[in-house]
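As the structure is a prediction and not an experimental result, all values here were calculated from the model. Numbering of ligands and ligand atoms starts at 1, following listing order.
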Amino acid sequence: MTIATRERIIGDPVDRIDGASKVTGTARYPSDFTFPDLAHAVLMQSTIANGTIRGIDAADAEAAPGVLAVITHENAPALTEAPIAPLGPPPPFPLRDNRIVHHGQHVAVVVARTREQARAARHLVQIDYEEASPILRIDDPRAPVLLDRWGLDVDRGDVTGALASAEVVYDETFTTAAVTNNPMGLFATVARWEGDRLTVHDASQDPMWVRTTLATVFDLPEVDVRVLVPYLGGGFGAGLRTWPHVILTALAARVVGRPVKLVLTRPQMFSSVGHRPETVQGVRLGATRKGRLVAVDHASTSTMGALDDGGVNLVTPVTANAYSCPNVATHDRRARLHIPSPQWMRGPGPTEGNFALESALDELSYRTGIDPIELRLRNYTEVHPGSGLPWSSKALRECYRVGAERFGWARRTPGIGSMRDGSRLVGYGMAGVTFTPGQAPCQATVSIHRDGSAHVRSAATDLGTGTYTIATQVTAKLLGLDLDEVHVELGDSDLPPAPYSGGSGMATSLSGAIQDAVGKLVQAFLDLVADDDSSPLRGRSPHDVTTTNRGLHVIDAPSTGQTYVDMLAEHGLREMTAHGERNPPGSGASPPPSGSFAAWFAEVRVDVDLGLLRVARLVSAVDAGRILNQKLARSQIIGGAVMGIGMTMLEETVFDPETGRVTNATFGDYLIPAHADVPDIDVVFVGAPDPVRPLGIKGVGEIGVVGVSAAIANAAYHATGRRIRSLPITVEQLL
Ligand code: MOS
């Protein structure tokens with residue numbers, strides 16, 4: 001079978017097919033689901049960061065109007081521990097005992113007929129705490145530090161020796177603040193039991209794993225648990241774990257014998273669904289005077305929950321494969337604090353690590369007097385340094401060239417403070433990006449019906465990034481149908497198993513499953529007509545045919561063929577369905593290393609009198625392999641850039657140094673970029689389809705955020721001569 005290329009569908013910038021349903025309110029998000037006898041749960045959270053609960057008095061709350069139950073560790077039924085996910089260990093189990101390990105830990109669930117009644121009764125619950133001194137600072141010597149727990153540290157060559165003899169040596173420390181995933185959609189769970197069957201609507205990026213967790217916890221067969229996430233109001237990694245509140249909602253529904261809804265408040269989002277951890281990173285570089293790297297040493301310490309072993313994102317491994325250098329060490333450590341679990345937030349780890357590495361390279365460019373792009377080209381690697389194998393595809397050179405051209409890098413005068421716009425200093429900065437997008441086993445079914453429509457079904461979730469749309473485009477293209485003839489059903493754990501929507505891997509994984517299903521569907525149609533004397537496709541093999549014009553046609557004779565509808569009708573079938581599967585090659589098979597790449601360029605204006613930094617322009621050139629939808633992919637890069645501006649200039653989750661309380665857990669206090677903070681962002685895709693990934697797709701979700709911070713900080717240095725090694729960049733740092 002060959003894919004027709006006469007009319008493009010893959011790559012076309014078509015609008016989101018679910019756009020209209022979202023703006024007209026027919027798309028139902030988890031919190032939209034309701035039932036006639038629905039009860040409401042609210043969480044009560046710990047007001048200390050470390051210690052134990054001596055006692056709970058819930059009598060007044062239980063007697064309050066409308067209250068159905070107050071569930072605490074003292075009366076919660078025994079449940080089975082949550083299982084370890086493909087992405088790692090689960091968060092600490094809720095209401096297990098009286099131990100408190102962070103401020104905001106869920107200590108009670110109040111369930112009432114209305115949400116208002118539950119909220120009112122919450123104030124009547126008396127909790128007596130025994131408080132211990134919490135560990136809240138990453139440099140607190142009491143904090144347990146985990147070293148190379150994940151076996152991914154790299155030690156290549158002789159870093160110490162190379163640094164000792166290097167012509168140019170660089171050694172600096174970088175810090176990045178904790179920042180919090182803030183999807184628009186507040187996370188919500190609605191749980192409903194019918195006998196021993198449990199149905200859950202949940203804000204999750206991984207409905208299959210929510211199902212597995214709940215089945216384990218409540219000791220149910222997986223088939224008796226159904227998790228639905230047809231729409232999600234954003235995730236950015238917050239939805240990759242089955243959080244305690246999800247288990248508590250299902251538990252509450254079982255305890256009160258009614259469906260229960262729980263919607264986190266915005267402040268609760270800061271303590272309940274993870275955050276990007278704080279990091280302290282040391283970068284040492286050794287180089288020749290001509291800018292050739294001879295040693296790279298990147299060591300990071302980031303924060304971790306006191307009792308949580310999961311949600312880990314490593315900061316430094318990507319450094320080992322970003323440039324050609326014989327002597328490389330990368331080390332990741334985690335310090336356990338009494339804070340809510342840090343975990344994944346878009347581009348987790350590489351985003352923080354890139355800031356340090358690409359800032360350090362910028363500093364090296366000034367010390368050696370070499371243009372920042374030229375410096376990176378002198379250390380360009382055509383092979384993946386870790387394995388020594390060539391990258392499956394790599395257009396980073398083109399990212400630099402095309403990005404620089406669109407940005408106008410040639411207009412940059414190298415001197416610090418040499419560019420001005422009236423009273424304001426102008427700075428140009430750039431950063432290179434190497435990223436490893438994920439892939440995971442995924443299944444989908446594709447059916448063609450007698451009316452000519454095709455149906456795709458998979459448990460995969462659309463985070464809001466466009467999975468419905470690209471699945472429609474891929475299916476239409478592969479089957480030779482129009483977009484409106486394809487219907488995609490997602491976000492239901494009863495559908496064919498799919499992995500988490502994360503790690504920028506869903507477009508690749510799901511497209512691979514669809515491609516496999518379509519191949520099998522074509523074979524099934526050819527089998528159907530194999531002995532059919534009246535069929536022009538009789539005895540044809542998949543290699544002889546192309547999927548065009550709603551059917552199969554002979555490659556050498558495009559007018560010879562049959563539509564799917566005709567074949568179904570002639571054989572009295574209502575539909576034909578094929579089951580597709582994509583299993584990424586395992587490490588044993590030594591697949592060529594595959595990565596995505598980008599270059600970011602930033603122009604900033606700085607008012608040094610006021611310490612005001614504004615981003616005037618951002619340009620990114622991205623090699624993400626085949627782009628399935630130019631509009632949505634661009635939109636993802638822009639979204640990543642906005643998140644990058646946030647963590648670079650505005651966002652910081654502040655834990656009170658005494659109590660561990662998040663002091664700025666509202667949108668009044670936690671600053672996220674507004675429109676006025678976001679400049680014109682120019683995105684261009686370069687490169688070619690990747691030969692080792694389905695349809696050549698590398699994924700675009702996360703690469704948009706990586707590199708933004710360094711490009712902006714490097715531009716700020718070019719403008720002012722202030723080297724900012726600490727995020728977010730504050731007025732004080734610029735004055
Ligand atoms: Mo992303 S951190 O894989 O949602």
Q: For ligand 1, note which part of Tyr500 has a heavy atom under 4.0 Å away: side chain, backbone, both or neither.
A: neither
Q: Sort out for me which residue in Arg334, Arg149, Arg241 forms a salt bridge (Lys or Arg N to Asp or Glu O under 4.0 Å) with Asp309.
A: Arg149
(Q) Just to check, does Gly503 reach to within less than 4.0 Å of ligand 1 when the distance is taken from its heavy atoms? (A) yes
**Q.** ligand 1 atoms in contact with Gly502 (distance to a heavy atom under 4.0 Å)
**A.** 3 (O)
**Q.** Under 4.0 Å to a heavy atom of Trp344 - the qualifying atoms of ligand 1, by number
**A.** 2 (S)
**Q.** Backbone of Gly353 reached by a side-chain donor or acceptor of Glu358 within 3.5 Å
**A.** no
Q. Is it true that Phe597 and Trp391 have ring centroids separated by less than 6.0 Å?
A. yes
Q. If you look only at pairs with a residue in residues 702-713, which of them pass as a salt bridge (charged side-chain N to carboxylate O under 4.0 Å, His left out), with sequence neighbours excluded?
A. none
Q) Which bit of Glu702 is near ligand 1, meaning a heavy atom under 4.0 Å away: side chain, backbone, both or neither? A) side chain
Q.
Taking side-chain hydrogen bond (donor to acceptor under 3.5 Å, both in side chains) as the cut-off, I'd like each qualifying pair that reaches into residues 704-713, sequence neighbours left out, listed once.
A. Thr648-Ser709
Q) Does any N/O atom on Ser504 come nearer than 3.5 Å to any N/O atom on ligand 1? A) no
Q | Contacting atoms of ligand 1, where contact means under 4.0 angstrom from a heavy atom of Arg346 | A | 2 (S)
(Q) Which of the numbered atoms in ligand 1 are under 4.0 angstrom from any heavy atom belonging to Gly237? (A) 1 (Mo), 2 (S), 4 (O)
Q) His106 vs His245 aromatic rings, parallel, tilted or perpendicular, using cut-offs 30° and 60°? A) perpendicular
**Q.** Gln343 (side chain) donor-acceptor with Val273 (main chain) under 3.5 angstrom
**A.** yes
Q. Which atoms of ligand 1 are found less than 4.0 Å from any heavy atom of Pro348?
A. 2 (S)
Q. Any N or O on Met345 sitting closer than 3.5 Å to an N or O of ligand 1?
A. no
